[in-house]
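A quick write-up on the structure given underneath.
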Amino acid sequence: MSATRYNAPLLEGSLRFLADLDPEQREAVTHGEGPLLVVAGAGSGKTRVLTYRMAWLLATGRAQPHNLLAVTFTNKAAGEMAERVERLLGGPLARGFVGTFHRFALQLLRKYPEKVGLPPRFAIADEEEQRRLLEAVLKELGASPTQLSPRQARQAISRIKNGSAAASDPLLAAVFEGYQAKLREAQAVDFDDMLTLAVKLLSENPELRLAIRQRFTYLLVDEFQDTNPVQMELLWQLGGPSPNLTAVGDEDQSIYRFRGAELSHILRFEHTYPGARVLTLGNNYRSTKPILAAAAAVIAHNQLRRPKKLSARGGEGEPVRLFAAMDEAEEAAWVVQDLRRERAAGRSVAVLFRVNAASRAFEGELVRWGVPYRVVGALRFWDRAEVRDALAYLRLFTNPDDALAFRRVVNVPARGLGAATLDRLEQAAREWGCSLPEAARRLPASLTPRGREALRQFWGLFTELEALAAGDLGVFVLTLLERSGLADQYRGGDEEDRARLANLDQLVSAASEASGRGLSLPGFLDEVALASEADSAETGEAVLLSTLHAAKGLEFDVVYLVGLEEGLLPLTRGEELELADEEEERRLLYVGMTRAKKKLVLTYARMRRLFGESRASRPSRFLAELPREVVRDAAAQLGRDNFRAFAPSPKPAPAPSGGENGGFRPGLRVEHPTFGRGVVLQVQASGAQTRVVVFFDRAGRKTLLPQLAKLKVLEAASERP
DNA sequence: CTGCTTCACCTTTTT
DNA sequence: GGTGAAGCAG
């Protein structure tokens, strides 16, 4: 089938959509060729700009659908974006790609596995499998858990793979190597491998790279502030030095540093892509003035950002509300009473918290009052043990050499194939130089007669399933659940067992539904592996309970941001916080605050039970950053908690802009003899010395003494509050 | 080999 | 308070 063409009448008709945009948005949407960064503050319509830009590119004939490659952060965002573009155009986005970096990478790898040395049906190792492999590697290397825990190793390896760290430690290097070997042996890749291998694929195959560049002539990236170095490299492979790249992002909403995201990608965009255009969307259409003023005041304390102004187009509205609870129970009770009133008034409501564990108190309270709610970020459906067992069977069916899947389910339900049998199989696999499942198929002589028989039965199931492979996936999965005994495990049990059965039912429905969309079994498994929690965060009638992370991109009439306490937001593990970490915590708060359209409530508890035991807690340091005039009860509440005294003494306070600090103020473009050009982030007056924090295009962030550093002022920055 | 009990560790945040 | 590994009896 040929690509959809948008003919002239439709074209003219569709350009009318430009009238929906404000001048800033229109400027971004109608940008021609070359790299473009759209700095889009919270609620400034960035998704609108991205979708309208895609529509504009199509409607003006610059691109055909298959020329568009749009990358979003979640699958859900991708779905919404595609839908909105299609609605604007009244036509399908056939063969255009709209999805996550990972999905794009996986698609490439599925198409050309042999070019990067992968077996055609490689598996995707989930977190638990990663941990298992790492435990084994660490054990083999004789590393004590105090040296390097599997968890630390996983984090470190992930950072190395996504390019935000190097393997400098010898032990870590050895673990890395052992881990990769085991992954390959199991014919699996982990999440980070998808990206690194996609980069490898493109960088080592010039003809393929060229073909892809010729096909995808327009690149669009959402949430650009959360890209990590490998993703940047992938973009580079896809677009080269002067791509038609539209990057949309906001450094104030970067909340994935822990996952390797680097703020410098957005802050240094013009340097990475010389000649790039940078546009700013400065109108916030989401929140009322008090909400936005409060959020802006908080985020202004960050140094690693472009100073900018976001003006509220919304009305005055009610002040931000602050509530101090005795403990987490009172916090939940108060919030639920308040949100019941809001719901009665027909407003959408969310409760946001820093850590998943905080949702429990609210769930209890909501159940008590019969308020419908949805939890995002709790144990994901796809992560439930019974679902994973079933998926492992499916994986093994898809790839008979998937050792990780085999290991998971040979003995589920128990069929007498325990540790001893697995040891023998492993031994045999080593001797024969084949995969573990392959050894199990060859039934080595070392097996006991019972083990042999059990394995025969086990494989018999797969033979039986062959006959159904071509049919409906739902039927296939249902048969699998019955014949394997997975379902029987939970029959006639307690409430928990019934819940498990219900989950398995849901899996059957999901498979059936995927089948209806034309997905094959491998396609279904890939989709499941890439599914994220945020994907399921529908904003319906129910109250949404969500982590701050998972709430990014959503909006609600009323937002309750709870647990604003030292140690919880900012989250610390005992030790003090580095500046970069504190700033990320502040951004998290900012993201949460800017989800609110009409009403924002911030709460904290003086006593919180975390971990079984009760601990006295202090209000978050960020509360001291709220401008009192927009916060109701602030003086009373904070005064009662002697809050100012609690607030840790801040770093040298940001100097008032335009002050007497040698003529430097945030936002100024400057030049340095060694570091080159940059922008002033902050001016610190401490004693007689003035220090200037500058973010250099090439050299990154530096703190300088301008008296010594020969900093030259280039120009006044465009935005000035 | 299984299923039970006990014990340690844990907690960010997620594609 | 929850999970998962380890240890032990049948």
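By convention in this document, chain letters (A, B, ...) are assigned in the order of the sequence lines, proteins followed by strands, and residues within each chain are numbered from 1.
At whole-Å resolution of the value, CZ in A:R154 and C1' in B:dT13 are 12 Å apart. Separating the CG atom of A:N75 from the P atom of B:dT14 is a distance of 15 Å, rounded to the nearest angstrom. Note: CG (A:L571) to P (B:dT11) measures 12 Å, nearest angstrom. Atom-to-atom, CG of A:D226 to P of B:dT15 comes out at 12 Å; the value is rounded to the nearest Å. Distance CD (A:E128) to P (C:dG4): 7 Å, rounded to an integer number of Å. As rounded to whole Å, 17 Å separates atom P of C:dG1 from atom CG of A:N356. One can place CZ of A:R360 at 7 Å from P of C:dG1, the figure rounded to the nearest angstrom. Rounded to whole Å, the distance from CG on A:L588 to P on B:dT13 is 11 Å.
In the set B:dT15, B:dT12, B:dG3, B:dT15 carries the atom at the smallest distance from any side-chain atom of A:R259. The side chain of A:V355 has B:dT12 as its nearest neighbour among B:dT12, B:dT15, B:dC1. Relative to the side chain of A:R132, the nucleotides B:dT14, C:dA5, B:dC1 differ in distance, and C:dA5 lies closest. Residue A:A414 places its side chain closer to B:dG3 than to any other of B:dT15, B:dT13, B:dG3.
At the phosphate of B:dC1, OP1 or OP2 sits under 4.0 Å from a side-chain N or O atom of A:T421. Side-chain nitrogen and oxygen atoms of A:N162 include none within less than 4.0 Å of the OP1 or OP2 phosphate oxygen of B:dT15. Of the side-chain N and O atoms in A:T547, one or more sit less than 4.0 angstrom from OP1 or OP2 of B:dT14. Residue A:R131 has a polar side-chain atom (N or O) positioned under 4.0 Å from OP1 or OP2 of C:dA5.
Interatomic distance, A:L589 CG to A:I255 CD1, rounded to the nearest 0.5 Å: 11.5 Å.
By the 5.5 angstrom centroid cut-off and the 30-degree plane limit, A:F258 is classified as stacked against the base of B:dT13. Stacking between A:F101 and B:dT15 is absent: the aromatic ring centre is not both under 5.5 angstrom from the base six-membered ring centre and within 30 degrees in plane angle.
With a 4.5 Å cut-off on side-chain heavy atoms, A:N162 and A:L195 do not count as touching.
If you take atom P in C:dG4 and the same atom in B:dT13, they sit 15 Å apart, rounded to whole Å.
A:E565 pairs with exactly one of A:R606, A:R618, A:R608, A:R621 by the salt bridge (Lys or Arg N to Asp or Glu O under 4.0 Å) rule, that one being A:R608.
Here A:R151 lies in heavy-atom contact (under 4.0 Å) with sugar-phosphate atoms only. Counting any heavy atom pair closer than 4.0 Å across all strands shown, A:D192 reaches no nucleic acid atom. Residue-level contact check: A:R257 touches neither bases nor backbone, having no heavy atom under 4.0 Å from any strand.
When the nearest nucleotides of DNA chain B are assigned to A:N411 and A:D581 by heavy-atom distance, the more 5′-ward of the two goes with A:N411.
The pair A:D226-A:K552 meets the salt-bridge criterion, since a charged nitrogen lies less than 4.0 angstrom from a carboxylate oxygen.
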Derivation and outcome, side-chain hydrogen bond (donor to acceptor under 3.5 Å, both in side chains), residues A:D192 and A:S158 = CA-CA 6 Å; A:D192 301 307; A:S158 175; 2.9 Å; yes
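Annotation: cation-pi geometry not satisfied between A:R395 and A:F406 (NZ/CZ under 6.0 angstrom from ring centroid, within 45° of ring axis).
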